[in-house]
Novice: 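Sharing a structure here in structure tokens format.
Order of listing sets the numbers, starting from 1, for every ligand and every atom in it. Just so we're clear, the structure is a prediction, and the values are computed from it rather than from any experiment.
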Amino acid sequence: MTGVAAILGAGVIGAGWAARFALMGWEVRVFDPDPAAAARLDRVMENARRALPGLYDTPLPPEGAVIVVDRISQAVRGAEWIQESVPERLDLKRTLYQKVQEHCADEVILASSTSGFTPSALQGPAARRCPVLVAHPFNPVYLLPLVELVAAPDAPADMLDRAKQVLTGIGMAPLHVRHEIDGHIADRLLESLWREALWLVHDGIATTEEIDEAICLGFGLRWAQMGLFETYRIAGGEQGMGHFLSQFGPCLKAPWSHLTDVPELTDELVRTIADQSDAQSGTRTIAELERARDTNLVGLLRALKWTGAGAGAHLRRFDAARQGAAGDIARPIVTQDRAVPLDWTDYNGHMTESRYLYAFADATDRFMEMIGCDADYIAAGNSYFTAETHIRHLAEAHAGQRFRIETTVLEGAGKKMHLFHRMLSGETLLATGEHLLLHVNLETRRSCPPGPDLAHRLSRIATAHAALPRPDGAGRAVGQKPG
Ligand SMILES: NC(=O)C1=CN([C@@H]2O[C@H](COP(=O)(O)OP(=O)(O)OC[C@H]3O[C@@H](n4cnc5c(N)ncnc54)[C@H](O)[C@@H]3O)[C@@H](O)[C@H]2O)C=CC1
Ligand SMILES: C[N+](C)(C)CC(=O)CC(=O)[O-]
């Protein structure tokens, strides 16, 4: 599902929303009175194009247009989704909603990115033409899936469902916060950590760099894959959470933290923190830090996708919902349509060689699924093993570049499955991969004929593909001269 999204305020968060909606195929109209907003938006779009598509192993829709407009009315008229991301000031947000409500459709979703205000506070005394929903994202919005959804108690019953549908469709993971509460869920947690960190600097216990190290080298690594409660459950040993609480519960009352005591942000404390933060980042610019952050996030998210933990499970679901069927078997079959992930590139500034095999292996896996060699078939005790591979590298591919793999069956009879994959970007042939696979019994680890259904599906495609011209390069030996 795509449509028109109006983005009001294109700062750090609004620009991130614009990028996510556009890369998921929505037309995006952006309103921000700051003359520098358009340039900022361009930079965020570039970052997002480089990072987001590589999270998926399925194609994203064609990128939607991003249009910067001069008036609120131009942004919101006809929009299905309005996302407000102006500074965190109640008066400013309420005034904006008044103007929005003069021009927007009745059934539009009007959502705020607010980190702390409740929907009831945001709505205030405004005419209840379109109620305000909180859709609180995390920076960078185009990579992090979580969005906290909060509705006022009197919001229309279907509004949350409609919002969830849109947000899921743009690759986000909506978390419904059932009760209105200042700071929602995640910022309550973040603020308590932030408060302690400020105290540690204030009291001269640790520098900003040391605190970041304490997070990055230790518990920060755990949180992305198991969160807080499951992590602590394991820390309770075989007796689990009950034991953990009885052992560490008393510490909660010990003077280990300042609890809700807030440090005064005096000029001196602000200067100390800012100076330490400058020293910590050295000469690295914000743009460089953003790119480094995105590269790491893509790597982490893809690692989680591999295991299916944390946000990885969400990415897998998104791909599964978009996986197409085999389609027309009288032509080579599209087994991959995706973008080059950031962590697939190397010191030469292009896709590194091991990833070609990775991509071709994914194409083979996909083809296996299409002919019925899926998880159930494999769990029942049979599969294919690759016996031989030949890859040719013909043109360079770069981070974020979209490519597809077209697969031809050269032979599909008995135990053998001989595949020829062509990796293309547009009409440019980037690489080819030729693979001979053998059908195997997973108990004996020996080759054997496939089951009749699978054999039939494979043979139908092999027969259809036998009528196609033999792909250029098929059967070629390493180092052989062209022609
Ligand atoms: N920065 C963060 O880490 C996060 C911020 N948020 C929330 O997102 C909202 C925006 O925060 P940021 O993007 O960080 O702020 P920001 O200061 O980076 O951007 C705000 C933008 O709104 C524009 N603006 C001001 N008045 C406007 C108006 N009347 N109409 C349209 N645009 C207007 C400004 O020119 C600016 O470009 C806040 O509610 C904040 O709580 C949510 C999640 C994370
Ligand atoms: C600092 N902050 C409260 C604006 C942070 C957020 O709201 C979420 C985030 O991205 O950390």
Side-chain angles (χ1 to χ4, degrees), residues 5-20 28-45 47 67-76 79 82-104 110-119 121-122 132-150 167 172-175 177 181-195 197-198 212 215 220 223-224 262 265 273 277 286-287 289-290 293-294 297 311:
I7 303 296
L8 308 179
V12 173
I13 294 304
W17 275 111
R20 183 177 273 278
V28 176
R29 301 193 203 130
V30 180
F31 171 74
D32 189 315
D34 180 1
R40 198 165 45 235
L41 185 60
D42 283 349
R43 192 180 84 204
V44 174
M45 285 299 301
N47 284 349
I67 305 157
V68 179
V69 298
D70 298 327
R71 285 195 295 277
I72 292 176
S73 58
Q74 293 170 308
V76 305
I82 301 172
Q83 186 72 34
E84 167 275 305
S85 306
V86 304
E88 189 74 348
R89 277 182 30 215
L90 199 53
D91 59 330
L92 190 65
K93 289 181 188 279
R94 282 181 176 174
T95 311
L96 187 67
Y97 302 148
Q98 296 287 356
K99 289 193 195 135
V100 165
Q101 298 196 353
E102 287 167 21
H103 304 282
C104 69
L110 170 55
S112 171
S113 300
T114 179
S115 301
F117 298 126
T118 62
L122 290 168
V132 184
L133 185 73
V134 167
H136 175 238
F138 292 78
N139 189 34
V141 183
Y142 53 82
L143 283 184
L144 298 190
L146 182 65
V147 54
E148 293 178 304
L149 265 189
V150 201
L167 293 166
M172 300 191 92
L175 174 64
V177 181
I181 173 175
D182 291 330
H184 327 310
I185 297 173
D187 275 351
R188 290 213 150 201
L189 298 170
L190 284 173
E191 291 296 288
S192 60
L193 186 65
W194 182 229
R195 194 169 49 233
L198 296 184
D212 281 354
I215 296 170
W223 280 357
V262 181
L265 285 177
I273 293 173
S277 175
I286 294 293
L289 289 169
E290 279 173 350
R293 175 202 62 194
D294 289 0
L297 281 175

Novice: Do Val69 and Val30 come close enough that some side-chain heavy atom pair is under 4.5 Å?
Specialist: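 The answer is no, as the side chains (C-beta and beyond) never meet within the 4.5 Å cut-off.
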Novice: Around atom 3 (O) of ligand 1, find the nearest protein heavy atom and jot down its residue, atom name and distance.
Specialist: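 Nearest neighbour among protein heavy atoms for atom 3 (O) of ligand 1, to 0.1 Å: Asn139 CB, 4.1 Å.
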Novice: Donor-acceptor check, side chain of Arg94 to backbone of Arg89, threshold 3.5 angstrom: yes or no?
Specialist: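 Answer holds: no.
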Novice: Should one rank Asn139, Thr114, Asp187 by closest heavy-atom distance to atom 10 (O) of ligand 2, which comes out on top?
Specialist: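 Going through Asn139, Thr114, Asp187 one by one, Asn139 has the nearest heavy atom to atom 10 (O) of ligand 2.
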Novice: Taking both backbone and side-chain atoms of Asp32, is any N or O found less than 3.5 Å from an N or O belonging to ligand 1?
Specialist: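 Yes.
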Novice: Considering only the protein, which heavy-atom contact is closest to atom 30 (N) of ligand 1, and what is its distance?
Specialist: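 Protein heavy atom at minimum distance: Phe31 CE2, 3.5 Å.
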Novice: Tell me, which protein residue and heavy-atom name are nearest atom 5 (C) of ligand 1, and how many Å apart are they?
Specialist: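 Among all protein heavy atoms, the one nearest atom 5 (C) of ligand 1 is Ile13 CG1, 3.2 Å.
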Novice: Are the side chain of Thr95 and the backbone of Asp91 linked by a donor-acceptor contact shorter than 3.5 Å?
Specialist: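 Yes: the side chain of Thr95 pairs with the backbone of Asp91.
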Novice: For ligand 1 and Lys93, I'd like to know whether there is a polar contact (N/O to N/O, distance under 3.5 Å).
Specialist: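 By distance alone, the answer is yes.
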Novice: Provide, to 0.1 Å, the distance between atom 25 (C) of ligand 1 and the closest protein heavy atom, together with that atom's residue and name.
Specialist: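 Here the nearest protein heavy atom works out to Pro87 CD, 3.5 Å.
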Novice: Please list, in number order, the atoms of ligand 1 under 4.0 Å from a heavy atom of His136.
Specialist: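 Listed by number with element, the hits are 42 (C), 43 (C).
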Novice: Considering only protein heavy atoms, which is closest to atom 43 (C) of ligand 1, and at what distance to one decimal place?
Specialist: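 Here the nearest protein heavy atom works out to Pro137 O, 3.3 Å.
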Novice: Side-chain donor-acceptor pair under 3.5 Å between Glu148 and His184, yes or no?
Specialist: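 No donor-acceptor contact under 3.5 Å links the two side chains.
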Novice: What I want to find out is whether Arg40 reaches Asp34 closely enough, with some N-O distance under 4.0 Å, to be called a salt bridge.
Specialist: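 Salt bridge flag = yes for Asp34 with Arg40.
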Novice: Whether the side chain of Glu88 engages the backbone of Gly116 through a donor-acceptor N/O pair (distance < 3.5 Å, no angle test) should be reported.
Specialist: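 Confirmed, Glu88 side chain pairs with Gly116 backbone.
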Novice: Distance to 0.1 Å, residue and atom name: give those for the protein heavy atom nearest to atom 2 (N) of ligand 2.
Specialist: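 Ranked first by proximity to atom 2 (N) of ligand 2 is Ser115 OG, 4.0 Å.
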Novice: What protein heavy atom is closest to atom 7 (C) of ligand 1, reported as residue, atom name and distance in Å?
Specialist: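 Of the protein heavy atoms, Ser113 O, 3.3 Å lies nearest.
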Novice: Scan the protein's non-hydrogen atoms and note whether one is under 4.0 Å from atom 17 (O) of ligand 1.
Specialist: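 Within 4.0 Å of atom 17 (O) of ligand 1, no protein heavy atoms are found.
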Novice: Report the nearest protein non-hydrogen atom to atom 10 (C) of ligand 1: residue, atom name, distance rounded to 0.1 Å.
Specialist: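 Here the nearest protein heavy atom works out to Ser85 O, 3.3 Å.
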Novice: Kindly say whether Asp70 contributes a backbone atom to a donor-acceptor pair with the side chain of Gln74 at under 3.5 angstrom?
Specialist: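 Checking the backbone N and O of Asp70 against the side chain of Gln74, a donor-acceptor pair under 3.5 Å is found.
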Novice: Go through the structure and list residues passing side chain to side chain contact (heavy atoms under 4.5 Å, CB included) with Arg293, not counting sequence neighbours.
Specialist: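 Result, side chain to side chain contact (heavy atoms under 4.5 Å, CB included) vs Arg293: Asn139, Pro140, Tyr142, Glu290, Leu297.
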Novice: Report yes or no: does Asp32 contribute a side-chain atom to a donor-acceptor pair with the main-chain N or O of Gly9 at less than 3.5 Å?
Specialist: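 No: the side chain of Asp32 does not pair with the backbone of Gly9.
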Novice: List ligand 1 atoms under 4.0 Å from Thr114, heavy atoms only on the residue side.
Specialist: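 Near Thr114, meaning under 4.0 Å from one of its heavy atoms, ligand 1 has 39 (O).
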Novice: Looking only at protein heavy atoms, which one is nearest to atom 28 (C) of ligand 1, and how far off is it?
Specialist: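 So the nearest neighbour among protein heavy atoms is Val86 CG1, 3.8 Å.
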Novice: Answer yes or no: is there a donor N or O on one side and an acceptor on the other, between the side chain of Arg20 and the main chain of Ala15, under 3.5 Å?
Specialist: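 Flag not set: sc Arg20 to bb Ala15 has no pair under 3.5 Å.
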Novice: Any protein heavy atom at under 4.0 Å, with atom 8 (C) of ligand 2 as the reference point?
Specialist: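 Given the 4.0 Å cut-off, atom 8 (C) of ligand 2 counts as touching protein heavy atoms.
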Novice: Flag His136 as yes when one of its N or O atoms lies below 3.5 Å from any N or O atom of ligand 2, and as no otherwise.
Specialist: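 So ligand 2 has an N or O lying under 3.5 Å from an N or O of His136.
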Novice: Any nitrogen or oxygen of Ser115, side chain or backbone, less than 3.5 Å from one on ligand 1?
Specialist: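 N/O-N/O distance below 3.5 Å exists for this pair.
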Novice: Under 4.0 Å from any heavy atom of Arg40, which atoms of ligand 1 are there?
Specialist: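 In order of number, 37 (O).
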Novice: Any side-chain heavy atom of Arg29 sitting closer than 4.5 Å to one from Val76?
Specialist: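 A side-chain contact is absent here, since even the closest heavy-atom pair is not under 4.5 Å.
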Novice: What is the nearest protein non-hydrogen atom to atom 11 (O) of ligand 2, stated with its residue, atom name and distance?
Specialist: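 Its nearest protein heavy-atom neighbour is Leu190 CD1, 3.6 Å.
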Novice: Under 4.0 Å from any heavy atom of Asp34, which atoms of ligand 1 are there?
Specialist: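 Listed by number with element: 35 (O).
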Novice: Among all protein heavy atoms in this structure, tell me which lies nearest to atom 1 (C) of ligand 2, with the distance rounded to 0.1 Å.
Specialist: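 Checking every protein heavy atom, the shortest distance to atom 1 (C) of ligand 2 gives Glu191 OE2, 4.9 Å.
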Novice: Ignoring hydrogens and angles, state whether a donor on the side chain of Gln83 or Ser113 is under 3.5 Å from an acceptor on the partner side chain.
Specialist: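 Side chains of Gln83 and Ser113: pair found under 3.5 Å.
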Novice: Within the side chain of Gln101, is there an N or O that forms a donor-acceptor pair under 3.5 Å with the backbone of His103?
Specialist: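 A pair under 3.5 Å: no.
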